[in-house]
Amino acid sequence: MPKYDHKKIENKWQRFWKKHPELFAADDKGKGEKKYILDMFPYPSGDGLHMGHVESYTATDIISRYWRMRGKNVLHPQGWDAFGLPAENYAVKTKIHPAETTKKSIETFKAQMNMLGLSYDWSREINSSDPEYYKWTQWFFLLFYKNGLAYKSKGKVNWCESCQTVLANEQAEGGVCERCGKEVAQKDLEQWYFKITDFIEDSGETSGLLYGLDKIDWPESTKAGQRNWIGKSEGAQFKMKIITAPAFGHPSSSEEGTGEVLDKLLEVFTTRLDTIFGMTFALIAPEHKLVQELKSKITNWSEVEKYIAETKKKSELQRMAEVKDKTGVELKGIKVLNPFTKKSISLFASDFVLAYYGTGAVMAVPAHDERDFAFAKKFGLPIDEVIKSADGQSSVVKEAYTEDGVLINSGEYDGLTSGEARKKMTQWLAKEKIGRGTINYKMRDWLVSRQRYWGAPIPIIYCDKCGEVPVPEKDLPVLLPTDVDFMPTGESPLAKSKKFHDVKCPKCGGVARRESDTMDTFVCSSWYYFRYADAKNDKEFISKAMFKKWLPVDLYVGGAEHVVLHLLYSRFFTKVLHKLGYIGFDEPFAKLRHQGIILAEDGRKMSKSLGNVIAPDSVVEQYGADALRMFEMFMGPLEDVKPWNTKGIIGISRFLERIWKLNKGVIASGAKQSRGGAAKNEIATSPTAPRKDKIETLLHKTIKKVSEDIENLKFNTAISAMMILVNESGGGANLTKEQYEIFLKLLSPFAPYIVEELWSQLGHKKSIFTEKWPEYNAALVKDETIQMPVQINGKVRAVLTAPSDISEEEAKKIAISDTTIIKWLGGQEPKKVIFVKGRLVNIVV
RNA sequence: GCCGCGGUGUUGGAAUUGGCAGACAAGAUGGACUCAAAAUCCAUUGGUGGCGACACCGUGAGAGUUCAAAUCUCUCCCGCGGCACCA
């Protein structure tokens with residue numbers, strides 16, 4: 001038997017598997033139960049795979065191999081999220097066309113995946129930058145367009161100066177570009193949007209983005225992230241009269257009638273209508289159009305104008321840095337009337353009020369809102385307390401009391417709880433016809449157009465006569481021209497290609513021009529999981545039959561960085577298809593898990609700049625792909641963040657070496673047995689016979705444990721169970737050939753290379769992956785005897801050997817008559833004896 | 001600030017979901033083999049006390065529920081991740 005040479009073995013079986021794709025292919029005509037096991041398709045970067053890829057891809061590979069051996073029809077594909085800014089930015093840097101760099105990166109990625117022994121069905125490989133693929137991305141755009149779900153609109157958008165394009169809100173979180181990390185500016189531009197906000201709430205048969213979360217098996221943190229992003233808040237919206245105010249007089253002392261009532265109204269949104277008697281001023285966003293409309297009535301206009309100009313200059317980041325220090329300016333000459341108290345109050349423009357949320361204006365209740373409190377303190381405005389906590393404590397002097405409570409100083413509403421008051425006050429608003437209960441969301445529609453080159457062109461044509469005309473479906477794909485100067489200028493690169501830009505109108509044949517923006521790459525990745533099921537279909541993006549056969553995805557594994565972006569958009573696409581009657585389900589991913597980040601040995605994130613990156617290739621070179629696969633699975637739970645530990649992989653290496661030697665041990669002991677004629681009495685009288693029984697029992701327990709652990713993605717404990725078995729195998733001498741073969745099958749999803757090799761060395765002609773997964777013998781898994789602890793007051797005082805099905809009566813009897821227990825009891829009468837079937841006895845004295 | 005997750009030996013982590021805490025590994029120490037080293041094998045390895053059998057303590061801190069708590073409840077502390085002036 002030669003030494004374990006991982007390089008040689010891995011080379012050999014890579015070639016073998018490549019020649020036998022049928023081993024891992026999903027069968028469109030297969031009758032067995034389907035399992036769709038999916039990895040998030042990677043963006044092929046020039047850096048190659050990192051440890052995190054290895055972790056999640058190994059996990060899904062193990063599960064896929066397991067289900068195949070259990071006779072399931074497994075769909076386990078892979079593809080490339082190839083469009084996008086990183087590839088384009090890299091191209092800009094190197095002046096090499098993104099199509100070229102992407103192609104090269106894909107080759108690297110694919111080679112690395114094959115190196116790791118990942119059992120993908122490559123016949124379904126997709127590439128989002130391939131016209132065959134983005135033809136359907138464009139088809140989706142048209143589908144949305146025709147159903148009123150894609151529209152063009154002018155408004156404030158996030159603009160990344162560094163990437164020279166607009167970004168979706170989801171890509172500009174915290175005022176920073178999701179791609180390059182640079183600050184994002186606000187610009188007024190006309191852009192394309194998808195109507196994702198139409199799908200927040202359930203509608204008809206289709207569950208919404210919000211409550212659909214309740215029925216899927218996803219990590220709580222991810223669901224919370226999406227709910228948070230949607231940001232639903234229930235409250236009330238109402239209009240307040242605006243009056244001109246005399247130049248003199250205290251803000252809250254003038255009554256209605258002292259000024260002229262203007263024809264403009266100030267509408268505000270609040271979730272705390274119960275605090276309205278404490279409203280001592282109101283706030284409006286500086287960009288609010290009402291500010292301009294009131295210009296003639298504002299006596300300090302130059303001051304106001306200056307403030308507006310200042311805030312315009314400030315970036316979102318600067319605004320956020322000022323959270324503590326509120327700025328603002330009073331709109332002098334006008335007042336607002338509180339509809340409940342009829343008192344007039346001052347109106348301020350302040351940049352902490354967001355123009356795009358709610359109505360762009362708010363009522364300020366400094367006694368019960370931290371921000372209003374800070375503002376009131378700074379500007380010396382009155383703080384009127386109107387809510388008391390249930391225990392009567394009040395602390396409004398130092399800080400705002402923001403909890404619900406009981407109303408005071410609120411006229412007829414005094415004594416009501418906050419909840420009751422909100423209901424009654426909302427009813428009053430409706431009766432007075434000045435307001436109503438409303439719901440607001442943080443999430444806005446998805447901005448999908450980009451002024452960049454490396455993406456799917458938006459299939460719209462602008463005709464001087466007909467206006468906006470969708471490209472007819474038969475003309476798809478709208479090809480991305482390859483001869484374009486893709487250096488970013490802020491204008492879409494496609495506009496510079498005359499050949500692309502100038503077209504005939506599909507309606508009237510007149511002069512027209514193409515939309516020159518491309519689509520956000522997240523559009524491409526919002527539907528890719530459908531395409532695998534029917535990757536070669538050139539008539540439809542997927543046939544109905546294949547939809548039915550393969551979807552939804554049973555298990556989806558990928559990084560947690562996609563909590564709001566990709567995962568939310570994909571759900572949106574699925575819901576659109578459901579609503580339009582294409583599919584019978586409305587959630588694409590039944591079960592989702594995120595792999596935890598693998599940190600560097602120093603506990604920090606692996607990064608090129610820190611120089612602490614460990615590349616999978618170097619580990620495979622030294623220890624082999626099997627060792628890397630197993631070690632990453634052994635390090636800890638899939639979802640945990642774990643530091644890499646080069647020393648730790650030794651343990652797995654030793655384990656694999658030991659398994660390699662098992663072969664020899666088993667063959668040797670097998671030979672011995674057959675030479676001895678395997679006489680019955682020999683086995684019975686052999687001193688190894690009880691050990692053989694023990695190992696058979698252990699083997700069946702291991703089958704059970706490994707199977708269950710794989711299904712629950714608990715790979716670390718599955719591996720430790722197999723280690724225990726190997727530790728008990730006596731170097732193979734305790735194992736029969738049959739037992740050893742069963743063990744190899746258990747190991748095969750984890751370490752496919754070494755197992756294929758050992759399997760063939762046993763004389764098998766066919767791949768082990770054509771074998772059936774072993775079933776355990778339920779009778780063997782059940783212990784005949786247990787080690788039953790006997791506790792006194794919860795402390796273990798003796799451990800007795802007892803039959804596992806011992807009766808309560810019998811257990812208590814042997815417990816109480818045990819000599820050490822008698823000693824510990826010291827003659828005391830037990831007050832109570834507790835028996836837990838199959839577990840323990842606890843004596844209470 | 002809000003939301004989510006977590007805190008167990010020297011380290012990564014186990015614990016049948018309320019029933020013997022520390023499985024399996026790594027590291028360390030001692031030993032065998034070796035001229036020697038590596039590899040391999042064997043033994044020990046939560047803390048304290050004891051020659052010892054053994055005893056006591058021990059899962060971030062404190063309380064509670066229970067015959068029994070790493071696990072459930074409450075309060076607090078710390079760490080990680082996400083969101084963050086969303087009215």
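Values below: all heavy atoms of this structure, side chains included; hydrogens, waters and symmetry mates excluded. Residue numbers start from 1 in every chain, and the chains themselves are labelled A, B, ... in the order their sequence lines are given, proteins ahead of strands.
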With a 4.0 Å cutoff (strictly under), does any side-chain N or O of [X] reach OP1 or OP2 of [N]?
X: A:Asn727; N: B:rA23; answer: no
X: A:Lys832; N: B:rC67; answer: yes
X: A:Lys714; N: B:rA15; answer: yes
X: A:Arg654; N: B:rA26; answer: yes

[N]: pairing nucleotide in any strand, Watson-Crick or G-U under 3.5 angstrom:
N: B:rA36; result: none
N: B:rU59; result: none
N: B:rC72; result: B:rG64
N: B:rC24; result: B:rG12
N: B:rC51; result: none
N: B:rG79; result: B:rC5

Just compare [options] and give me whichever is closest to any side-chain atom of [X].
X: A:Asp351; options: B:rC24, B:rA55, B:rC85; answer: B:rC85
X: A:Ser720; options: B:rC24, B:rC20, B:rC85; answer: B:rC24
X: A:Met723; options: B:rA55, B:rC85, B:rC24; answer: B:rC24
X: A:Lys442; options: B:rA14, B:rC83, B:rU16; answer: B:rC83
X: A:Arg839; options: B:rC85, B:rG19, B:rA23; answer: B:rG19
X: A:Asn716; options: B:rG13, B:rG4, B:rC67; answer: B:rG13

Next item on the list: Measure from the ring center of A:Phe655 to the ring center of A:Trp660 and say whether it is less than 6.0 Å.
Entry: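 When the ring centroids of A:Phe655 and A:Trp660 are compared, they turn out to be at least 6.0 Å apart.
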Notebook entry, point to check: So A:Phe375 and A:Phe379, would you call those rings parallel, tilted or perpendicular, with 30° and 60° as cut-offs?
Noted result: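 A:Phe375 and A:Phe379: parallel rings.
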For [X], report the nucleic acid contact type (base, sugar-phosphate, nothing); a contact means any heavy atom under 4.0 Å.
X: A:Phe634; answer: base
X: A:Arg658; answer: sugar-phosphate
X: A:Pro637; answer: sugar-phosphate
X: A:Trp824; answer: sugar-phosphate
X: A:Val362; answer: base
X: A:Val796; answer: sugar-phosphate
X: A:Ile724; answer: sugar-phosphate

Note to self: With nearest nucleotide decided by heavy atoms, which residue, A:Asn645 or A:Glu370, maps closer to the 5′ end of RNA chain B?
What the structure shows: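 The residue closer to the strand's 5' end, by nearest nucleotide, is A:Glu370.
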Check: So does A:Lys831 reach the base of B:rC67 with its side chain, donor to acceptor, closer than 3.5 Å?
Finding: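 Answer no: no donor N or O sits under 3.5 Å from an acceptor.
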Note to self: Is it the case that the side chain of A:Asn612 and the backbone of A:Ala600 share a donor-acceptor pair, with hydrogens and angles ignored and the cut-off at 3.5 Å?
What the structure shows: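 No: the side chain of A:Asn612 does not pair with the backbone of A:Ala600.
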Item checked: Heavy atoms from other residues, nucleotides or ligands near NZ of A:Lys813 exceed 12 (cutoff 6.0 Å) ->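 Result for NZ/A:Lys813: open.
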Notebook entry, point to check: Regarding A:Asp351 and A:Thr311, is there a side-chain donor-to-acceptor distance under 3.5 Å anywhere?
Noted result: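 No pair is found: no donor N or O on one side chain lies under 3.5 Å from an acceptor on the other.
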Checklist line | Close residues, residues 225-239 of chain A, relative to RNA chain B [heavy-atom separation under 4.0 Å] | finding: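 Heavy-atom cutoff 4.0 Å gives A:Asn228, A:Ser233.
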